[in-house]
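Counting starts at 1 for both ligands and their atoms, in listed order.
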Amino acid sequence: MTEHDLLEVVEIEEASGLSLWGWEAYHSELMQRSDTLMFVARNLNKNNLRSGRIAGFIASRLVADELHVNNVAVRNEFRRLGIGRALLETVIKEGARRGSRHAFLEVRASNRAAQALYGRCGFSGAGLRKNYYSDPREDALVMSREV
Ligand SMILES: CC(C)(COP(=O)(O)OP(=O)(O)OC[C@H]1O[C@@H](n2cnc3c(N)ncnc32)[C@H](O)[C@@H]1OP(=O)(O)O)[C@@H](O)C(=O)NCCC(=O)NCCS
């Protein structure tokens with residue numbers, strides 16, 4: 001992900017029902033280059049050059065030997081094609097390369113699609129944070145895996 005991707009990243013975020021970070025928050029994450037892992041998925045044309053719109057993105061951060069996955073979202077029309085999984089596997093692989101030993105994330109208790117994706121990627125339930133989310137208020141399921 002680069003600065004130039006942020007308008008589309010924010011558009012996907014807004015369309016995906018995530019807790020909104022907005023342009024400024026993604027921008028300031030991106031600028032802390034040493035400990036953030038942020039990627040976009042996009043089409044390549046036949047010459048392997050970027051083309052078309054961004055299909056999805058992931059934002060994560062390295063904190064000591066832990067990888068925290070903050071946001072992952074895929075445009076509605078590109079879902080169930082393996083893009084979310086590819087994004088998640090990319091940050092786990094890159095996190096491992098950079099010394100992560102564990103990966104963590106929080107997910108809304110009602111977000112079954114995301115929980116299924118995380119389960120497919122080796123995460124399992126590690127706890128519950130009561131009333132973690134607002135608007136609407138909801139518990140977070142904490143999920144983790146070894147890296
Ligand atoms: C969650 C999300 C990122 C998944 O992205 P995706 O690209 O569709 O996921 P993938 O195609 O890589 O799915 C991988 C596996 O996850 C599981 N999965 C993904 N979406 C699912 C759904 N809607 N229902 C059940 N299982 C699902 C399946 O096991 C799937 O493998 P399969 O298609 O071979 O059965 C996408 O639905 C999304 O953007 N949701 C809105 C934003 C969000 O909730 N983000 C997570 C919280 S930060």
Side-chain angles (χ1 to χ4, degrees), residues 1-33 35-45 48 50-64 66-98 100 102-147:
M1 190 188 296
T2 72
E3 216 175 334
H4 305 293
D5 298 324
L6 292 182
L7 285 179
E8 272 195 272
V9 164
V10 169
E11 181 195 329
I12 296 169
E13 177 186 65
E14 286 172 357
S16 296
L18 298 178
S19 305
L20 297 183
W21 276 26
W23 193 95
E24 292 289 345
Y26 284 108
H27 188 253
S28 85
E29 278 290 292
L30 258 187
M31 294 300 117
Q32 297 182 26
R33 288 186 187 280
D35 68 352
T36 57
L37 293 177
M38 297 165 79
F39 293 91
V40 293
R42 74 161 92 232
N43 286 326
L44 298 179
N45 67 16
N48 258 7
R50 293 168 167 198
S51 72
R53 296 186 307 162
I54 291 171
F57 73 92
I58 192 162
S60 60
R61 185 188 271 216
L62 297 164
V63 183
E66 292 177 1
L67 172 70
H68 288 226
V69 179
N70 291 316
N71 281 336
V72 53
V74 173
R75 283 190 199 276
N76 210 14
E77 62 269 35
F78 293 117
R79 289 185 187 163
R80 298 308 288 267
L81 296 173
I83 295 171
R85 190 172 179 179
L87 285 164
L88 204 52
E89 285 175 351
T90 298
V91 292
I92 288 169
K93 199 165 155 190
E94 182 60 17
R97 200 182 66 77
R98 288 167 60 169
S100 296
H102 316 279
F104 285 92
L105 53 86
E106 283 106 10
V107 57
R108 280 187 180 271
S110 64
N111 191 345
R112 300 288 175 208
Q115 288 169 30
L117 166 67
Y118 301 143
R120 274 294 283 269
C121 292
F123 285 81
S124 57
L128 204 65
R129 295 196 207 285
K130 292 297 274 179
N131 297 323
Y132 181 81
Y133 293 104
S134 52
D135 223 2
R137 183 178 287 267
E138 190 175 356
D139 298 344
L141 179 64
V142 180
M143 299 183 79
S144 68
R145 61 161 272 182
E146 301 303 302
V147 166

Anything under 3.5 Å between a donor and an acceptor, one on a side chain of residues 140-147, the other on a protein residue two or more places apart or in another chain? List them.
from	atom 1	to	atom 2	distance (Å)
Arg145	NH1	Cys121	O	2.9
Glu146	OE1	His102	ND1	3.2
Glu146	OE2	His102	ND1	3.4

message: Show, in sequence, the C-alpha distance, side-chain angles and deciding distance for His27 and Glu29, and conclude whether the side chain to side chain donor-acceptor pair (under 3.5 Å) test is met.
response: CA-CA 5 Å; His27 188 253; Glu29 278 290 292; over 6 Å; no
field: Partner of Arg75 under salt bridge (charged side-chain N to carboxylate O under 4.0 Å, His left out), chosen from Glu14, Glu11, Glu13
entry: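 Going through the options one by one, the only one that passes is Glu11.
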- request: Output every pair passing salt bridge (charged side-chain N to carboxylate O under 4.0 Å, His left out) with a member in residues 104-126, not counting sequence neighbours, ordered by first then second residue.
  value: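 Every pair satisfying salt bridge (charged side-chain N to carboxylate O under 4.0 Å, His left out) with a residue in residues 104-126: Glu106-Arg129, Arg108-Glu138.
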message: Are Tyr26 and Phe57, when compared by the centres of their aromatic rings, separated by less than 6.0 Å?
response: yes
message: For Arg80, give me all partners under side-chain hydrogen bond (donor to acceptor under 3.5 Å, both in side chains), at least two apart in sequence or on another chain.
response: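 Result, side-chain hydrogen bond (donor to acceptor under 3.5 Å, both in side chains) vs Arg80: none returned.
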Put together the list of close N/O pairs, under 3.5 Å, between ligand 1 and the protein, could you?
from	atom 1	to	atom 2	distance (Å)
ligand 1	7 (O)	Gly84	N	2.8
ligand 1	8 (O)	Arg80	N	2.8
ligand 1	11 (O)	Arg80	N	3.4
ligand 1	11 (O)	Leu81	N	3.2
ligand 1	11 (O)	Gly82	N	2.8
ligand 1	12 (O)	Gly84	N	3.3
ligand 1	12 (O)	Arg85	N	2.8
ligand 1	24 (N)	Arg80	NH1	3.3
ligand 1	29 (O)	Arg120	NH1	3.3
ligand 1	31 (O)	Arg120	NH1	3.3
ligand 1	33 (O)	Arg80	NE	3.1
ligand 1	33 (O)	Arg80	NH2	3.4
ligand 1	35 (O)	Arg80	NH2	3.0
ligand 1	39 (O)	Val74	N	2.8
ligand 1	39 (O)	Val74	O	3.4
ligand 1	39 (O)	Arg79	NE	3.4
ligand 1	39 (O)	Arg79	NH2	3.4
ligand 1	44 (O)	Asn111	ND2	2.7
ligand 1	45 (N)	Val72	O	2.7

